[in-house]
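Comments concern the structure below.
By convention in this document, chain letters (A, B, ...) are assigned in the order of the sequence lines, proteins followed by strands, and residues within each chain are numbered from 1.
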2 protein chains.
Amino acid sequence: MGNADYEQLLRGASLRVTRPRVAVLGAVTENAHADTETILGAVRERLPDVSHQAVYDSLAALSAAGIVRRIQPSGSVARYETRVGDNHHHVVCRSCGSIADVDCAVGHAPCLTASDDNGFVVDEAEVIYWGTCPQCQAAQSSK
Amino acid sequence: MGNADYEQLLRGASLRVTRPRVAVLGAVTENAHADTETILGAVRERLPDVSHQAVYDSLAALSAAGIVRRIQPSGSVARYETRVGDNHHHVVCRSCGSIADVDCAVGHAPCLTASDDNGFVVDEAEVIYWGTCPQCQAAQSSK
DNA sequence: GCGAAATCCTGAATGAGTCAAGAAACGGGC
DNA sequence: GCCCGTTTCTTGACTCATTCAGGATTTCGC
């Protein structure tokens, strides 16, 4: 994906096209599930003088527009990804915190229907699987 | 539930029975989905001189033992509940942050099976429904 | 190009949560 | 019922992701 594509995405969401935003979008695309610090580093490879504040603002704007998705498993800092709108979920490693994508197990949005919603109007279901990643399994069994 | 019951729970989990722990357990039981500050306040009604550190330590010990469950939706502080082991999930209001329980929509632990686990060994699936609570719906429609 | 509005920068503040070291409490064994 | 080793609690300081504020720049419709 080139910068032109990112600009398209931004314009399509009625967002102003600024260099920090394009760079943030690129950084998030190339670093799935990255935390803010990693994104900041990646953005500075493209645009050395961005402030961390601009990155926070951009991420907030992109999240609000639905272009990026913010995920934050318990005990972790915020992480971001650009794969949105396809109903996929995440596995998180309890020991190292790494995250991987998981397509929804049971077809299309079955988990979206709560049996008793207590009067809430539900618009999204988020699933987080907790477990141990292959690396950590190997590390533990070799002890 | 009386303190004797809480003591039983603690002993059953091979945890030492201390007054802060009993008080924390009581506070979490009576304040479902409460954040740490609320729990601290409730604990101090029973035991005025507990330190906040003792509450953090107790919550960590109880969580590790599986007696309480820690939940932390994105953008929220940590919250705790005592209803564990029954595969229920949560609805979170996007505008006020309130949380309600939801029994699993599709029977027993269906969401526990990821379609492709990327080599992860999954031991738990956590589902968070995002939406708007009745109060916030009313507040928004009356604007 | 021009100007209003949005966005970005610099720099400081917030606050949930953690760390550390010594004091006190728990509970198994006598 | 008391002792002792270990766990837990207290006090107090500290970390660090994230947010807030005010002024300077940039964007984009006209």
Connected-component partners of A:I99 among ILVMFWY, side-chain separation under 4.5 Å: A:I71, A:V92, A:I128, A:W130
Close N/O contacts between protein and nucleotides 1-5 of chain D (under 3.5 Å):
none

Partner set under salt bridge (Lys or Arg N to Asp or Glu O under 4.0 Å) for A:R83, not counting sequence neighbours: A:D86, A:D101, A:D103
Strand-adjacent residues in residues 38-48 of chain B, judged by heavy atoms under 4.0 Å from DNA chain C: none
Positional range of nucleotides in DNA chain C within the contact set of chain A, heavy-atom, under 4.0 Å: C:dA5 to C:dG11
Members besides B:V77 in its Ile/Leu/Val/Met/Phe/Trp/Tyr cluster (side-chain heavy atoms under 4.5 Å): none
Short side-chain N/O contact to D:dC9 OP1/OP2 from B:T18, under 4.0 Å: yes
Presence of B:R21 side-chain N/O under 4.0 Å of D:dT8 phosphate oxygens OP1/OP2: yes
Where B:A23 and B:L47 come nearest, the two heavy atoms and their spacing: CB-CD2, 4.3 Å
Partners passing salt bridge (Lys or Arg N to Asp or Glu O under 4.0 Å) against B:E7 (at least two apart in sequence or in another chain): B:R11
Selection residues 60-77 of chain B - residue pairs positive for salt bridge (Lys or Arg N to Asp or Glu O under 4.0 Å), sequence neighbours left out: B:R69-B:E81
Terminal helix-axis angle for the helix from C:dG1-D:dC30 to C:dC30-D:dG1, with five pairs defining each axis and rounding to 10 degrees: 50°
Reading 5' to 3' through nucleotides 10-21 of chain D, protein heavy-atom contacts under 4.0 Å coded B for base, S for sugar-phosphate only, - for none: BBB----SBBB-
Under 3.5 Å: donor-acceptor pair, side chain of B:Q137, backbone of A:G119: yes
Could you give the side-chain donor-acceptor pairs of residues 48-58 of chain B under 3.5 Å, partners two or more places apart or in another chain?
{"from": "B:S51", "atom 1": "OG", "to": "B:A54", "atom 2": "N", "distance (Å)": "3.1"}
{"from": "B:Q53", "atom 1": "NE2", "to": "B:D57", "atom 2": "OD1", "distance (Å)": "3.1"}
{"from": "B:S58", "atom 1": "OG", "to": "B:A54", "atom 2": "O", "distance (Å)": "2.8"}

By ring pair (Phe, Tyr, Trp, His ring centres under 6.0 Å) - contacts of B:H90 (at least two apart): B:H33, B:H88
